[in-house]
Amino acid sequence: MAAIDVEPMPIKVETAMRTLKLSGHVGFDSLPDQLVNKSVQNGFVFNILCIGETGLGKSTLMDSLFNTNFESSPSPHNLPTVKLKAHTYELQESSVRLKLTLCDTVGYGDQVNKDDSFKAVVDYIDAQFEAYLQEELKIKRSLPTYHDSRLHVCLYFICPTGHGLKSIDLVCMKKLDTKVNIIPIIAKADTISKTELQKFKSKIMQELQSNGVEIYQFPTDDESVSEVNTSMNSHIPFAVVGSTDFVKIGNKTVRARQYPWGTVQVENESHCDFVKLREMLIRTNMEDMREKTHARHYELYRRRRLAQMGFSDVDAHNKPVSFQQTFEQKRSAHLAELQLKEDEMRQMFVQRVKEKEAELKEAEKELHAKFDKLKKDHTEEKKRLEELRKKIEDDTIEFNRRKQQTQHSHHTLTLGKSKKK
Ligand SMILES: Nc1nc2c(ncn2[C@@H]2O[C@H](COP(=O)(O)OP(=O)(O)O)[C@@H](O)[C@H]2O)c(=O)[nH]1
Ligand SMILES: [Mg+2]
C-alpha cells in the first residue's frame with residue numbers, strides 16, 4: 001500500500017474580524033428555531049442506569065417518573081452474578097419523541113461476596129463508550145442514525161434503613177464517578193422519619209465527600225436555571241417514594257402508597273423529593289446530562305483509549321503530530337514486526353526441514369544396514385542349505401549304492417543255498 005502524501009502541518013491563516021451592522025432583516029435569527037425543528041424531527045435519546053439492591057423500588061420509581069407501566073418483572077435474590085439488562089422504549093409527549101433506555105442492575109447486592117459487584121456495571125458503561133468510539137472511527141459513519149447507548153445518568157438507590165452508605169455503595173460510586181453522571185437517591189423514603197431523614201442525608205453527603213466521590217451537580221452557570229439548580233443541589237440525595245397504585249384524594253386521583261395510618265403521595269413535595277427529582281432529571285437538566293456525557297465522560301474514555309492504541313497529539317519531543325503521522329508510524333512498525341516474525345518462522349521452518357532430513361537419512365542408513373545383514377544371512381543360509389542338500393544327495397547316492405550292493409550279495413547268497421538243497 002502506498003502512503004498518502006499530506007502536508008504535515010496545516011498552514012494557519014490569521015483572519016481579522018470586524019463587526020458590521022446590518023441595514024435590514026437578513027433572516028439568520030431563525031437559526032435557533034431551525035435547530036429546534038431539526039432536533040424535534042430527529043427525536044431525543046436518553047439512557048438511565050438504575051443501580052441498587054433488588055427490591056429497593058427501582059422499577060417502581062421508573063414507572064412513577066415516566067407515568068407509565070414499563071411492565072418489568074421482579075428479579076429474584078439468588079442470582080450468582082450481577083447482570084445489566086437494558087430495555088428501550090419509544091415515548092412521545094406532544095410532538096417530542098424520546099427513545100428512552102432503562103438499564104437495570106439485576107442481582108446487584110445479592111451475592112455473599114460483593115467485592116466485584118461494580119465490575120459488571122463498569123464493563124457495561126465502557127462497552128457503550130467503545131461502541132460509540134468504533135462508530136466514530138469508521139470511514140463510513142452513520143452517527144445521525146446511530147442508536148447512542150451511552151448512559152447519561154446513573155440513579156444510585158441508597159437503602160433507607162442503614163446508618164449511612166454501605167461499602168458496596170461507596171466502592172461502586174467511586175468507580176463510576178468519572179464515567180457517568182451520578183445522582184444518589186434515598187429509596188423508599190416513606191420508611192424513614194422526618195428527623196432521621198435530614199441526619200441520614202447529611203451523613204451520606206459527608207461520606208461521599210470524605211471518600212472523594214464526585215456526584216453530578218446540577219449546573220449553575222446558566223442564568224435561567226442557576227437559582228433552581230443551586231437550591232436543588234442542596235437537597236441531594238433526593239429522598240424518593242414510588243408507587244404503581246393510585247388513590248383518590250378529594251376529587252383528584254394521585255399516585256400514592258396507602259398505609260393503615262395514612263397515605264404517602266408520591267407527587268406531594270411535603271411527603272418526599274420525587275417531584276424535585278423529576279424536575280431536575282427530566283424537565284430541567286436532561287440536556288445538560290446528555291451534553292456532559294459526551295463532552296466529559298465520553299471524552300475521557302476516548303482520550304484514554306486512543307492513548308492506549310498509541311495515538312497522541314504530540315510526539316516524544318512534545319512536537320505536534322497528526323493522527324495520520326502516528327498511523328503511518330504505527331503501520332510501518334507493525335509491518336516491520338510482521339516481517340521479523342515471518343523471517344523467524346522461515347528460519348524455523350528451514351531448521352525443521354533440515355532436522356527431518358537428517359532424521360530420514362539416518363533411518364535410511366539403518367534400513368540399508370538391516371537389508372545388507374539380511375542379505376548376508378540369507379546367502380549364508382542358502383549356502384548351508386545347499387551344502388546340506390548336497391550331503392543328503394551324496395548320502396542318498398551312498399545309501400542307494402550300499403542298498404544295491406546288499407541286495408546283490410544277498411541274492412548270490414540265496415542262490416548258493418538253494419543249490420545246496
Ligand atoms: N415502602 C415503599 N415500598 C416501595 C417503594 N417503591 C417500591 N416499593 C415496593 O418495593 C417492592 C420492590 O419494588 P421494585 O420496584 O420491584 O424493586 P426493584 O427490584 O428495585 O425493581 C415492591 O413491593 C414495591 O411495591 C417505596 O417508595 N416505598
Ligand atoms: Mg426491578
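Just so you know, ligand 1 is whichever comes first in the structure, and atom 1 is the first atom listed for that ligand.
On a distance-only criterion, S59 and ligand 1 share at least one N/O pair closer than 3.5 Å. For ligand 1, one of its N or O atoms has an N or O atom of T60 under 3.5 Å away.
Atom numbering of ligand 1 starts at 1 in the shown order; those under 4.0 Å from a heavy atom of G55 are 10 (O), 12 (C), 17 (O), 18 (P), 19 (O), 20 (O). Under a 4.0 Å criterion applied to the non-hydrogen atoms of V241, ligand 1 contributes the atoms 27 (O).
By the 4.0 Å heavy-atom criterion, G242 is counted among the residues contacting ligand 1. Heavy-atom distances between Y259 and ligand 1 reach below 4.0 Å in at least one pair.
The residue from K179, K292, E136, R303 that alone fulfils the side-chain hydrogen bond (donor to acceptor under 3.5 Å, both in side chains) condition with Y298 is E136. With respect to K38, the side chain to side chain contact (heavy atoms under 4.5 Å, CB included) criterion is satisfied by exactly one of N42, V40, L35: N42.
To the nearest 0.5 angstrom, F66 atom CZ is 11.0 Å from Y89 atom OH.
For atom 8 (N) of ligand 1, a protein non-hydrogen atom is found at a distance below 4.0 Å. The protein does not reach atom 22 (C) of ligand 1 closely, with no heavy atom under 4.0 angstrom from it.
Ring planes of Y216 and F218: perpendicular class, angle over 60° (limits at 30 and 60°).
Around atom CD of E355, more than 12 heavy atoms belonging to other residues, nucleotides or ligands sit under 6.0 Å away.
Inspection of the N78 and D110 side chains reveals no N or O donor paired with an N or O acceptor under 3.5 Å.
When all heavy atoms of P184 and L208 are compared, the closest pair comes out as CG-CD1, 4.2 Å.
Among all non-hydrogen protein atoms, the one lying nearest atom 5 (C) of ligand 1 is R257 NH1, 3.4 Å. Residue, atom and distance of the protein heavy atom nearest to atom 17 (O) of ligand 1 are G57 N, 3.1 Å.
Here atom 10 (O) of ligand 1 lies nearest to K188 when heavy atoms of K58, E53, K188 are compared.
With a cut-off of 2.8 Å, the Mg ion (ligand 2) has an N, O or S atom of S59 in range.
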